[in-house]
Structures are given as C-alpha cells and as structure tokens.
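Reading through the structure tokens given below for one structure.
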2 protein chains.
Amino acid sequence: MNARGIAAEAAHMIREAIMDGSFRPGEELREGSLAESLTVSRGSVREGLSILEREGIIRTGWHRPATVIPVSRDHARNLYRLRAGLDRIAAQGAAHHTRADGFSPALESLRSAVTDGAARSEVVRADLEFHDAVYEVADNAPLTSAWQAIRSQIRLYQLVRSAEPESGYDSSLVAEHSRYAEILTSGDVETAGRYAEQHVESALEGLLGRLGD
Amino acid sequence: MNARGIAAEAAHMIREAIMDGSFRPGEELREGSLAESLTVSRGSVREGLSILEREGIIRTGWHRPATVIPVSRDHARNLYRLRAGLDRIAAQGAAHHTRADGFSPALESLRSAVTDGAARSEVVRADLEFHDAVYEVADNAPLTSAWQAIRSQIRLYQLVRSAEPESGYDSSLVAEHSRYAEILTSGDVETAGRYAEQHVESALEGLLGRLGD
DNA sequence: TCGGCGATTAATGTCAACATTCGACATTGA
DNA sequence: TCAATGTCGAATGTTGACATTAATCGCCGA
C-alpha cells in the first residue's frame with residue numbers, strides 16, 4: 001500500500017474485499033454504505049470506484065450502483081484471448097531487451113511461495129508479480145497500462161481457478177515459469193512470443209475446466 | 001455526444017480542445033480554470049479528467065496539474081506496437097465471426113470522406129470508426145475496452161501524421177481498408193491477423209517519418 | 001556568493017449538503 | 001384484467017467550502 005490519497009486507499013480496501021469474496025460477482029456496491037463502513041466521504045469512495053472500474057473488476061451505470069463483474073466462461077475466454085495478445089507482445093519485448101536478471105527475483109519468490117505451501121492468494125500474487133516483471137522488462141508504457149487494466153480481472157479468475165484443493169494449479173507452475181524465463185533470456189523473440197501465447201492458452205483451458213457457469 | 005452527465009460532457013469538450021490544438025502536448029490542464037471556462041464545478045472537471053486519463057491522452061500526478069501527454073517517437077513506437085497486437089486479435093475475431101455487413105457502412109463513410117476532400121480531422125474520424133466497426137464485429141468486450149483506452153492517443157498521432165498537406169496520408173487509405181474488409185469477410189483468420197499487424201506497422205512507418213522529435 | 005531552509009501560495013484532495021435520476025410500486029382508466 | 005401512468009424512495013450526480021500538499025521564492029548564515 002504505497003498509493004497516496006484516501007481514494008486510492010479506499011480502492012485498495014474494496015478491491016481486497018472483492019478478492020477475498022466479501023463481495024460476490026454481480027453484487028452491488030453502494031457508495032453510501034461503503035463510505036460509512038470505510039469512514040470516508042462518498043466522494044472519495046466514488047473516486048476509488050472509478051479506479052476499480054479502470055481495472056475492469058466493477059461496472060458502473062448512469063444513476064445505478066456499481067456492480068462486481070460477473071464471471072462467466074464467455075468473459076474468461078475473451079479476457080484470456082486479450083491477455084494472450086498482450087503477453088505475446090510483452091514476451092517479444094522482454095526477449096528483445098534481454099535483461100537477464102529482470103525476473104529472477106520474482107521467479108524465486110514464486111518458487112518459495114509454492115514450496116512453502118503458502119496460501120492460494122499468495123501464490124496467485126507471486127504469479128502475477130512474475131508477469132509484472134516481464135512487462136517491466138519489456139519497457140512499453142502503453143502496453144503495461146493495458147496489462148494493468150486487466151490484471152485485477154485475471155487475479156479474480158486465478159483465484160477461482162485455484163479455489164478448490166487438488167486443482168493442480170501450482171504443480172506445474174514453477175516449472176512452466178522457469179522455462180518461460182529461460183526463453184525470455186535466450187533472446188529468441190519469435191519463440192518467446194509463441195510460448196507466451198501458449199502459456200496463456202493452457203491457463204485458460206485449466207480455468208474453463210473449473211468454471212461451471 | 002450521447003454521453004450522459006456533465007462530467008462526460010466536460011471530458012468531451014476538453015478532449016476536442018486537445019485534438020484541435022488548443023492544448024499542446026505537455027501543456028498543463030488546471031482544474032480551476034477549466035471549471036471556470038466550462039462553467040461547471042471543479043468536481044465535474046475532475047471526473048472528466050479521470051475519463052481522459054483512462055483514454056491515455058492526459059497524465060495526472062499527486063497534487064500536480066494534469067498534463068497532455070507528450071508526443072515522441074518512442075511513445076509512438078510503443079503505442080503502435082500495442083495497437084498492432086490489439087488489431088491482430090480483433091481481426092482474427094472479426095474474421096472468425098464473419099458478419100459480412102459489419103463494416104461496409106463504415107467503409108463507405110470513409111470512402112466518401114476521402115473523395116469529398118473532407119477536412120483532415122473528418123478523415124481521421126472515419127478511419128477510426130472503421131476500426132471501431134472491426135472491434136465491434138470481433139465481439140470481445142475486454143478487447144474493445146483496451147482499444148478504447150488507446151483510441152484517443154491513436155487519434156492524436158493520426159492528426160499529427162495528416163497535419164501537413166502532401167503527407168500522402170489518405171491516398172492509399174481507401175484501397176488499404178477495402179482490402180482489409182475483404183480479408184475479414186473471407187474468414188481466413190490467420191491471414192486477417194497478419195494483415196492487421198502489417199497494416200499498423202506501415203501506419204507507424206508513415207508516422208515516424210513525420211515525427212521529427 | 002552560494003546553498004539550505006522556511007513562509008507563501010497556488011494548485012489538488014476531501015468533505016458534506018443539495019439536485020437529479022432511475023426503478024418499483026401503487027393507481028387509474030378502458 | 002391489464003396496461004399506461006403517477007408517485008415515492010433510494011441511489012447517484014453535482015456543487016462549493018474547506019483541508020492538504022508541493023513548488024517557489026526570498027531570507028539567512030556559512
């Protein structure tokens with residue numbers, strides 16, 4: 001939480017409440033009650049909700065309460081199709097720049113989270129932070145911005161994916177990401193792009209299996 | 001202007017002022033003076049600026065005035081690399097759905113704008129609306145959202161590109177877009193994706209030639 | 001003279017009151 | 001009975017006053 005300002009803090013609180021299930025998909029978020037429970041003004045809550053809308057995890061309508069986005073197979077497919085495209089560009093960019101040590105710390109952190117048997121949410125967080133590192137190495141501000149705009153939605157679906165035990169979510173996680181990092185440092189732009197797309201595609205497959213809908 | 005609310009209207013006014021050069025790249029936008037000149041409250045201006053930030057044409061900072069994004073070769077390269085990736089997915093999606101009449105009206109409107117010798121800004125608008133149609137046919141909400149987040153920035157650079165006469169901007173425009181539409185209706189997903197990427201790549205080349213910086 | 005430091009000031013951040021709008025429910029009329 | 005319409009309540013949209021922050025400029029001392 002390094003974000004400055006009450007609005008950003010409000011956004012943080014609401015976001016985490018959504019992530020831990022305190023607000024279900026489709027549920028309404030009323031500015032008034034949020035303001036009361038967070039002990040801030042409705043204006044700040046409103047600005048916080050605007051941030052969350054930018055992250056795509058809530059929708060707003062004219063004179064209607066904000067709602068948590070519903071999760072569905074269709075939306076997941078479209079979201080991951082977009083992510084595949086973004087990751088492809090990021091991987092190409094990262095491979096092009098070839099800064100070897102860019103994602104080693106993130107990879108190490110992911111590995112220790114998995115081997116330590118950390119909570120699901122922690123593993124998901126480490127997973128996303130690895131991808132953050134890839135985007136950072138790619139060094140493309142508009143691309144990173146597009147990633148930020150879907151990151152929270154991805155997080156929501158990853159939590160769904162890893163919600164139940166025996167999901168096999170983190171068994172191959174470290175191996176796949178190690179291979180990913182290897183390819184990126186190899187500098188082979190084309191291969192990197194292809195691998196990134198395929199990586200996301202397989203993640204989608206695993207997710208769709210868990211999405212009854 | 002079907003947008004509802006004073007904030008959206010304020011965003012519209014400011015956006016157009018940026019597009020027609022009333023605010024130069026890098027220039028500061030003060031909430032107070034904007035509120036005064038638009039005769040609305042600072043709060044509404046603030047929310048309008050938040051919309052424009054989502055569109056990527058202004059930046060904001062903590063306790064600092066918003067600024068119009070600076071244009072640069074680097075930023076253009078990164079922006080168009082992202083756009084190429086998005087357009088690729090959109091083209092693949094549109095080719096997959098194969099709704100023939102989806103972009104014919106937009107194409108016709110672009111053709112008439114060019115042949116009528118309409119103003120640069122009108123041609124750019126028609127150009128973008130054609131691409132809007134492609135995204136709509138692709139029918140992928142997160143993807144369309146990502147497109148909306150860069151659309152205004154693209155518009156800004158397209159205006160730069162077509163700013164001076166003899167730029168050769170619209171000579172091949174109609175031909176290229178007709179071919180684009182053809183490929184999309186043909187249903188060949190792979191070819192559509194490749195053509196879209198290449199289309200953007202050549203647009204970037206033309207743009208970089210006009211960007212001294 | 002120069003460099004650090006504090007008051008100034010001009011901007012943004014926050015708040016609470018008021019205006020507007022939407023959806024639901026009751027009402028009325030054919 | 002049913003559909004169009006009026007009314008009501010609860011939510012969001014908008015506003016202006018007040019709090020907070022960061023850059024600027026001048027002062028002071030080494």
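Just so it is clear, the model here is predicted, and its values are computed rather than measured. Below, chain A is the first sequence line, B the second, and so on; all start at residue 1.
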Residues two or more places apart in sequence or in another chain: which of them pass salt bridge (Lys or Arg N to Asp or Glu O under 4.0 Å) with A:E176?
-> none
Touch check for B:G43, heavy atoms < 4.0 angstrom, all strands: base, sugar-phosphate only, or nothing?
-> base
Among all residues two or more places apart in sequence or in another chain, which pass the salt bridge (Lys or Arg N to Asp or Glu O under 4.0 Å) test with A:R46?
-> A:E31, B:E47
For the residue pair B:S72 and B:Y157, what are the closest heavy atoms and their distance?
-> N-OH, 3.2 Å
Output one line per pair: protein atom, nucleotide atom from nucleotides 10-14 of chain D, and distance, for all N/O pairs under 3.5 Å.
from   : atom 1 : to    : atom 2 : distance (Å)
D:dA11 : OP1    : A:R30 : NE     : 3.4
D:dT12 : OP1    : A:E31 : N      : 3.2
D:dT12 : OP2    : A:E31 : N      : 3.3
D:dT12 : O3'    : A:H63 : N      : 3.4
D:dT12 : O2     : A:H63 : ND1    : 3.4
D:dG13 : OP2    : A:R46 : NH1    : 2.1
D:dG13 : OP2    : A:R46 : NH2    : 2.5
D:dG13 : O5'    : A:R46 : NH2    : 3.3
D:dG13 : N7     : A:R42 : NH2    : 2.8
D:dG13 : O6     : A:R42 : NH1    : 3.0
D:dT14 : OP1    : B:I6  : N      : 2.3

Which atom pairs link the protein and nucleotides 6-9 of chain D when you take only N or O atoms and keep those under 3.5 Å?
none

Please identify each residue that fulfils side chain to side chain contact (heavy atoms under 4.5 Å, CB included) with A:S109, with sequence neighbours left out.
-> A:A126
Considering residues at least two apart in sequence or located in another chain, which fulfil the salt bridge (Lys or Arg N to Asp or Glu O under 4.0 Å) criterion with B:E129?
-> none
Residue set satisfying side chain to side chain contact (heavy atoms under 4.5 Å, CB included) with A:S22, at least two apart, ordered chain then number -> A:A17, A:D20
A:A91 meets the side chain to side chain contact (heavy atoms under 4.5 Å, CB included) criterion, sequence neighbours left out, with A:Y180, A:L184, A:A192, A:A196
Nearest-0.5 Å distance, CG of residue B:D74 to CG of residue A:N140 = 9.5 Å
Got a sec, which residues hit side chain to side chain contact (heavy atoms under 4.5 Å, CB included) with B:V114, two or more places apart in sequence or on another chain?
-> B:L110, B:V123, B:D170, B:V174
Using a cut-off of strictly less than 4.0 Å between a heavy atom of the residue and any atom of DNA chain D, enumerate the qualifying residues of residues 51-59 of chain B by number.
-> none
Determine the interplanar angle of the B:H131 and B:H177 rings, folded into 0 to 90°, and report it as parallel if under 30°, tilted if 30 to 60°, perpendicular if over 60°.
-> perpendicular
Going 5' to 3' on DNA chain C, which nucleotide is the first and which the last to come under 4.0 Å of a heavy atom in chain B?
-> C:dA11 to C:dC22
Here the salt bridge (Lys or Arg N to Asp or Glu O under 4.0 Å) pairs for residues 140-155 of chain B, sequence neighbours left out, are B:E16-B:R155, B:D132-B:R151
Kindly say whether A:A141 contributes a backbone atom to a donor-acceptor pair with the side chain of A:S145 at under 3.5 angstrom?
-> no
